[in-house]
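Values below: all heavy atoms of this structure, side chains included; hydrogens, waters and symmetry mates excluded. Computed from a prediction, not measured in an experiment: that's the story for all the values here.
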Amino acid sequence: QVQLVESGGGLVQAGGSLRLSCAASGRTFSRDTMGWFRQAPGKEREFVANIRRSGGYTYYTDSVKGRFTISRDDAKNTVYLQMNSLKPEDTAVYYCAARLGVVLATETSDYNYWGQGTQVTVSS
């Protein structure tokens, strides 16, 4: 049974940083695409970033470019999202997702597995 478990969310002031982690179990995702999405209250879930295989091929939504960094440690079957220079508009529940295969997946429907989410709140 595949499980994705996010951690690292919390409350932070604007300009601060957080590092989210997503630990996968039940399957090795070293050859697959891992992504982060977020959902703010009253809004649809939106793509944030993904990483295809270890060592590169990252892709970000424009609003987080230069501030967020996605990475992965395949030995730990874990993907990370380092978030710097946080803004109040980054406030959302952040979800980890896994897509089988190496694709530029940016839609929620592209992903096969999802975590339960972790809350990130940025105060002004």
Side-chain angles (χ1 to χ4, degrees):
Q1 180 180 356
V2 173
Q3 277 193 313
L4 303 177
V5 179
E6 302 97 333
S7 61
L11 173 63
V12 64
Q13 288 188 333
S17 298
L18 283 174
R19 187 194 195 204
L20 305 184
S21 299
C22 171
S25 61
R27 176 190 168 91
T28 299
F29 290 100
S30 60
R31 296 186 178 185
D32 302 311
T33 298
M34 302 296 292
W36 286 96
F37 287 74
R38 65 187 180 187
Q39 188 166 17
K43 295 187 177 182
E44 293 188 353
R45 194 171 299 188
E46 64 172 358
F47 171 80
V48 175
N50 70 13
I51 184 167
R52 289 161 281 162
R53 294 193 177 178
S54 78
Y57 304 115
T58 58
Y59 185 75
Y60 300 90
T61 193
D62 287 345
S63 62
V64 308
K65 285 180 181 177
R67 299 189 298 122
F68 290 11
T69 302
I70 188 171
S71 62
R72 63 196 295 168
D73 184 340
D74 289 330
K76 296 181 178 180
N77 215 21
T78 299
V79 63
Y80 305 97
L81 186 68
Q82 177 67 45
M83 305 186 296
N84 299 328
S85 302
L86 282 161
K87 305 175 181 180
E89 51 264 44
D90 294 319
T91 295
V93 177
Y94 283 71
Y95 296 90
C96 173
R99 158 66 193 244
L100 302 180
V102 181
V103 293
L104 176 67
T106 61
E107 301 293 329
T108 56
S109 58
D110 292 332
Y111 286 80
N112 305 101
Y113 304 102
W114 291 88
Q116 83 290 348
T118 185
Q119 177 70 47
V120 171
T121 303
V122 184
S123 63
S124 57

Check: [Y] and [X] side chains under 4.5 Å, non-hydrogen atoms:
X	Y	answer
W36	M83	no
T69	Y80	no
L20	V120	yes

Please identify which of these residues, F47, Y95, Y94, meets the ring pair (Phe, Tyr, Trp, His ring centres under 6.0 Å) condition with F37. F47
Does N77 use its side chain to pair, donor to acceptor, with the backbone of A23 at less than 3.5 Å? no
Search all heavy atoms of [X] against all heavy atoms of [Y] and return the closest pair with its distance.
X	Y	answer
S85	S17	N-OG, 4.3 Å
L86	V12	CD1-CG1, 3.6 Å
A24	L4	CB-CD2, 3.5 Å
T78	S21	CG2-CB, 4.4 Å
P88	A14	CD-CB, 4.1 Å

Side chain to side chain contact (heavy atoms under 4.5 Å, CB included) between R67 and D90: does it pass, once the steps are laid out? CA-CA 11 Å; R67 299 189 298 122; D90 294 319; 2.7 Å; yes
To the nearest 0.5 Å, what is the distance between [atom1] on [X] and [atom2] on [Y]?
X	Y	atom1	atom2	result
Y113	L100	OH	CG	5.0 Å
C22	E6	SG	CD	5.5 Å
D73	S30	CG	OG	11.5 Å
D74	M34	CG	CE	9.0 Å
E46	S63	CD	OG	6.0 Å
Y59	I51	OH	CD1	15.0 Å

Salt bridge check, K65 against D62: does any charged N sit closer than 4.0 Å to a carboxylate O? yes
Identify whether V122 and V93 are in the same connected component of the hydrophobic contact network (ILVMFWY, side-chain heavy atoms under 4.5 Å). no
Does one hydrophobic cluster hold both Y111 and V64, with members joined at side-chain heavy-atom distances below 4.5 Å? no
Derivation and outcome, side chain to side chain contact (heavy atoms under 4.5 Å, CB included), residues Q119 and T91: CA-CA 8 Å; Q119 177 70 47; T91 295; 4.0 Å; yes
In sequence, state the C-alpha distance, the side-chain angles, and the governing distance for Y57 and T33, and then conclude on side chain to side chain contact (heavy atoms under 4.5 Å, CB included). CA-CA 10 Å; Y57 304 115; T33 298; over 6 Å; no
Verdict with reasoning, F68 to T61, per side chain to side chain contact (heavy atoms under 4.5 Å, CB included): CA-CA 10 Å; F68 290 11; T61 193; over 6 Å; no
Check R52, R99, R27 against D32 for a salt bridge (Lys or Arg N to Asp or Glu O under 4.0 Å) and give me the one that passes. R27
